[in-house]
Amino acid sequence: MRIPFYQVDAFTSRVFGGNPAAVCPLEDWLDDATLQAIAAENNLSETAFFSGNGDVRRLRWFTPACEVDLCGHATLASAFVISELLEPGRREIRFQTRSGELAVSREAGLYTLDFPARKPRRLEASEELVRALGDPPREVWT
């Protein structure tokens, strides 16, 4: 099996700076265990996998340990791979994700990610959080 692999540094204008992410374009989705194993092998904070072409692509992110719901720098890295390498000149890329649709636009070599707005909601403090803080917090929000 051959899977294209790109390592992109987001949030920087210099080599070996910023926040690195792996990006793997896929022809077809692989099973979750294989995606997880690839991310673990890459050993970067996130590995982004996307499939499809056209207006909206499906995008997923994996840390070396688990899948995550949202990752900004790996989304920007994926948009960079598409607009600079796979479809040079493309100015807008949309992704369907676990967090909804994310749009990335490119203007004069800069990328803008339109993050979803979410209202905060109150949670109960977990036992782990109370132990870590040493005392129960007054409030916990996500």
TODO: State, with a plain yes or no, whether a side-chain heavy atom of L76 is found less than 4.5 Å away from one of F11.
DONE: yes
TODO: Compare all side-chain heavy atoms of L86 with those of N53 and state whether any distance is below 4.5 angstrom.
DONE: no
Task: Ring geometry between F49 and F62 (parallel below 30°, tilted from 30 to 60°, perpendicular above 60°) - done: perpendicular
Task: 4.5 Å side-chain heavy-atom contact, P20 and V8 - done: no
Open item on the list: For W61 and T75, which I'm curious about, is there any donor-acceptor pair between the side chains at under 3.5 Å?
Closed with: yes
Task: 4.5 Å side-chain heavy-atom contact, S83 and I93 - done: yes
Open item on the list: Give me the atom names and distance for the closest heavy-atom approach of C66 to Q36.
Closed with: CA-OE1, 3.1 Å
TODO: Taking atom CD of E92 as the centre, report whether more than 12 heavy atoms of other residues, nucleotides or ligands fall under 6.0 Å from it.
DONE: yes
Open item on the list: Pair E124, V140 - check side-chain contact (heavy atoms from CB on, under 4.5 Å), show working.
Closed with: CA-CA 6 Å; E124 292 299 317; V140 178; over 6 Å; no
Task: Shortest non-hydrogen contact from I3 toward P25 - done: CG2-O, 4.0 Å
Task: Distance-only donor-acceptor check, side chains D9 and T12, under 3.5 Å - done: no
TODO: Please report the shortest heavy-atom distance between R58 and T97, naming the atom on each side.
DONE: NH1-CA, 3.6 Å
TODO: Check the hydrophobic clustering (I, L, V, M, F, W, Y; side-chain heavy atoms under 4.5 Å; chains of links allowed) and say if W29 and F50 are grouped together.
DONE: no
TODO: Give a yes or no on whether L85 and F5 share a hydrophobic cluster (residues Ile, Leu, Val, Met, Phe, Trp, Tyr; joining criterion: side-chain heavy atoms under 4.5 Å apart).
DONE: no
- [ ] Quick one: list whatever passes ring pair (Phe, Tyr, Trp, His ring centres under 6.0 Å) with F95, sequence neighbours left out.
- [x] none
TODO: Measure across F115 and G72 and return the closest heavy-atom pair with its distance rounded to 0.1 Å.
DONE: CZ-CA, 3.6 Å
- [ ] Answer yes or no: is there a side-chain heavy-atom contact under 4.5 Å between L30 and I38?
- [x] yes
Task: Selection residues 63-88 - residue pairs positive for salt bridge (Lys or Arg N to Asp or Glu O under 4.0 Å), sequence neighbours left out - done: R57-E87, R60-E67, E67-R98, D69-R98, E84-R106, E87-R90
TODO: Would you mind reporting whether L129 and E127 have side-chain heavy atoms less than 4.5 Å apart?
DONE: no
Open item on the list: Checking Y6 against S78: is there a side-chain donor and acceptor pair closer than 3.5 Å?
Closed with: no
Open item on the list: If I compare all heavy atoms of A39 with all of T47, which pair ends up nearest, and what's the gap?
Closed with: CA-OG1, 3.7 Å
TODO: In sequence, state the C-alpha distance, the side-chain angles, and the governing distance for T63 and S45, and then conclude on side-chain contact (heavy atoms from CB on, under 4.5 Å).
DONE: CA-CA 5 Å; T63 72; S45 61; over 6 Å; no
- [ ] Let me know which of L59, V56, V104 forms a side chain to side chain contact (heavy atoms under 4.5 Å, CB included) with R94.
- [x] V56
Task: Stepwise side-chain contact (heavy atoms from CB on, under 4.5 Å) check, E107 with T112 - done: CA-CA 8 Å; E107 183 71 37; T112 302; over 6 Å; no
Task: Heavy-atom side-chain contact between Q7 and L44 under 4.5 Å - done: yes
Task: Intermediate values then yes/no, side-chain contact (heavy atoms from CB on, under 4.5 Å), L26 and L35 - done: CA-CA 11 Å; L26 300 173; L35 296 175; 4.0 Å; yes
Open item on the list: Taking the side chain as everything from C-beta on, heavy atoms only, tell me whether L70 gets closer than 4.5 Å to L102.
Closed with: yes
TODO: Rounded to the nearest 0.5 Å, what's the gap from CG on L113 to NE2 on H73? Could you check?
DONE: 12.0 Å
